[in-house]
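Working notes, beginning with the structure itself.
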There are 2 protein chains.
Amino acid sequence: MSSRKPPPPRVEPPNVPRERPGPAGGRRDANRRRRLAELCAAAEELFLAEGIAAVTVDQIVARAGVAKGSFYRYVRDTEELVATMIQPLADAMRAAITCAHAALESADAAATLTAIYRDLAAQLADAALAHPGLTTIYLQEARAPRVGPRRPICALSDEVERAAVTLTRAARDHGLLRTDYDLRVSALAAIGAADRILFAHLSDEFSGDPRDTVTDLVSVILDGVRSR
Amino acid sequence: MSSRKPPPPRVEPPNVPRERPGPAGGRRDANRRRRLAELCAAAEELFLAEGIAAVTVDQIVARAGVAKGSFYRYVRDTEELVATMIQPLADAMRAAITCAHAALESADAAATLTAIYRDLAAQLADAALAHPGLTTIYLQEARAPRVGPRRPICALSDEVERAAVTLTRAARDHGLLRTDYDLRVSALAAIGAADRILFAHLSDEFSGDPRDTVTDLVSVILDGVRSR
DNA sequence: GAATAACGTGACCGCTTAGTCACCATTCTA
DNA sequence: TAGAATGGTGACTAAGCGGTCACGTTATTC
């Protein structure tokens, strides 16, 4: 992990009181967000070091410096904490994918498709760089069995992969991708390759700008796919 | 998971008594191997369903139908059980890589390199098909933090990736791979892509022969890499 | 064939874990 | 400004966990 430590993510509290939540920006609202951010930051450090399934609530609250009862005031359990903490990354990924779909709607040349894919890869790399810890956890756990506290990450991964397949199919339907190669294989293979390379950058196996690495990689794979 | 359920793997007991192990093929030897195979089979089922870190010794021995004290007679802890159970897959992967290196030594044409890589991919796919449960667990956990019971899987993944980079570098040194593309990026991206596709086959997201899918994928990536 | 190491066992031990709770403090609503 | 909802707490509860143990059985060694 690079030495740059980003600020705790701005997460949306999943459980806000119904009757007297206090005004937006009020003391209660601010305290609630701060506490939740502290819990998320503590959980992130521990999940990176040990893996989600091995981290206990006691470890999280000790690292965050809050009482155990507070943990359960803000989240139902560890799974809900995971769902909460990955929201910023999930939002950024969804934004990148939405952007790519929009660009595809108005694309009209095969060369433009390459640019769209490269831009998508760059935006996903930017999302990763904005949330290096979360992305590392995401990449570590995305293929886990879909049970327990890792489930929100697996669900996000499933969603991203479905979107990638949908995007690739739309490209073919627009006549921008002419290949006999299986669309799902190419979409999932590209994700698998990009994920591994991103993971290498985030764990300092590689140096340099990951944006460059993953956009070049996407071109390489697209060229290979087109040659079929 | 396909309905075909392979027999329990033949694993080598990690802890054999020193003084009176009994003769090879004797009652004790046979019982020891059978018990260990039962523990491995039970663990595999549970690891697939819940993930390694969430499975307890009590669950494993209950599923295997052996007493808890027996568990500790045959393995030190869950980590050693994981190391033991993945040996057949590890051996098969090492054999495939060794084969590819040997083939590379006597290769003399760029087209032969494609054949070597395809053959390697096919052999790794065969290894996966011979051990579908183990491979699925491997693919689920290979990027986990390198602590705790998942460590043997992470170590195997690191070894396989180093070997892939070494193989790619040897190909370039033999003049069989001419590209300006970063060798490590191409090696790890190919593994990342192949792993995702293999995972799709093993979890029945894809039908058809995974050998065909991954060998074609390797060609696609190699073609893309060479075009740089 | 007697002796010895290895095996099989499941209760047990000490500790850990998720989640709750009752009480006091704080914030905000009417 | 009084009252009510919300927050903060850490001891507590009930259950679970890793790992051990002492004893009887079995297999093998000399």
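Order of the sequence lines fixes the chain letters, A, B, ..., with proteins taken first and strands second; residue numbering starts at 1 for each chain.
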From [atom1] of [X] over to [atom2] of [N], roughly how many Å is that when rounded to an integer?
X: Ile60(A); N: dG10(D); atom1: CD1; atom2: P; value: 18 Å
X: Arg18(B); N: dT29(D); atom1: CZ; atom2: C1'; value: 19 Å
X: Arg34(B); N: dA27(D); atom1: CZ; atom2: P; value: 11 Å
X: Leu81(A); N: dA18(C); atom1: CG; atom2: C1'; value: 14 Å
X: Asn15(A); N: dA5(D); atom1: CG; atom2: C1'; value: 16 Å

query: In residues 19-30 of chain B, which residues come under 4.0 Å of DNA chain C by heavy atom?
result: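 Hits under 4.0 Å, by residue number: Glu19(B), Arg20(B), Arg28(B).
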message: Give the residues of residues 144-154 of chain A touching DNA chain C, defined as any heavy atom closer than 4.0 Å, sorted by residue number.
response: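 Nucleic-acid contacts, sorted: none.
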task: Could you check Pro17(B) against Gly65(B) and say which one's nearest nucleotide on DNA chain C is further toward the 5' end?
output: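 Closer to the 5' end of DNA chain C: Pro17(B).
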query: Is the CZ atom of Arg34(A) crowded by more than 12 outside heavy atoms at less than 6.0 Å?
result: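 More than 12 within 6.0 Å, yes.
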field: Side chain of Arg32(B) (C-beta onward), nearest among dA6(C), dT9(C), dT9(D)
entry: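 Nearest to the side chain of Arg32(B) among the choices is dA6(C).
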Under the side-chain contact (heavy atoms from CB on, under 4.5 Å) rule, collect the residues that match up with [X], sequence neighbours excluded.
X: Arg28(B); answer: Arg32(B)
X: Arg184(A); answer: Val165(A), Arg169(A), Asp182(A), Phe206(B)
X: Thr166(B); answer: His101(B)
X: Thr168(A); answer: Tyr117(A), Leu177(A), Leu183(A), Ser186(A), Ala187(A)

Donor-acceptor contacts, no H, no angles, side chain residues 91-100 of chain B, under 3.5 Å, sequence neighbours left out:
unit_1	atom_1	unit_2	atom_2	d
Arg94(B)	NE	Glu159(B)	OE2	2.6
Arg94(B)	NH2	Glu159(B)	OE1	3.1
Thr98(B)	OG1	Arg94(B)	O	2.8

- request: Please confirm whether the backbone N or O of His131(A) pairs with a side-chain atom of Thr135(A), one donor and one acceptor, at under 3.5 Å?
  value: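 Side chain of Thr135(A) to backbone of His131(A), a donor-acceptor pair under 3.5 Å: yes, one is there.
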Kindly write out the residues that satisfy side-chain hydrogen bond (donor to acceptor under 3.5 Å, both in side chains) with [X], not counting sequence neighbours, or none if the list is empty.
X: Glu80(A); answer: Asn15(A), Arg76(A)
X: Asp158(A); answer: Arg146(A)
X: Thr78(A); answer: none

- prompt: Once each nucleotide of nucleotides 11-23 of chain D is scored for protein heavy atoms under 4.0 Å, what B/S/- sequence comes out, 5' to 3'?
  reply: ------SBBB---
- prompt: Can you list every pair that meets ring pair (Phe, Tyr, Trp, His ring centres under 6.0 Å) and has a residue in residues 43-86 of chain B, with sequence neighbours left out?
  reply: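 Residue pairs with at least one partner in residues 43-86 of chain B: there are none.
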Please determine if a side-chain N or O atom of [X] lies less than 4.0 Å away from the OP1 or OP2 oxygen of [N].
X: Arg35(B); N: dC7(C); answer: no
X: Tyr74(A); N: dG8(D); answer: yes
X: Ser70(B); N: dT9(C); answer: yes

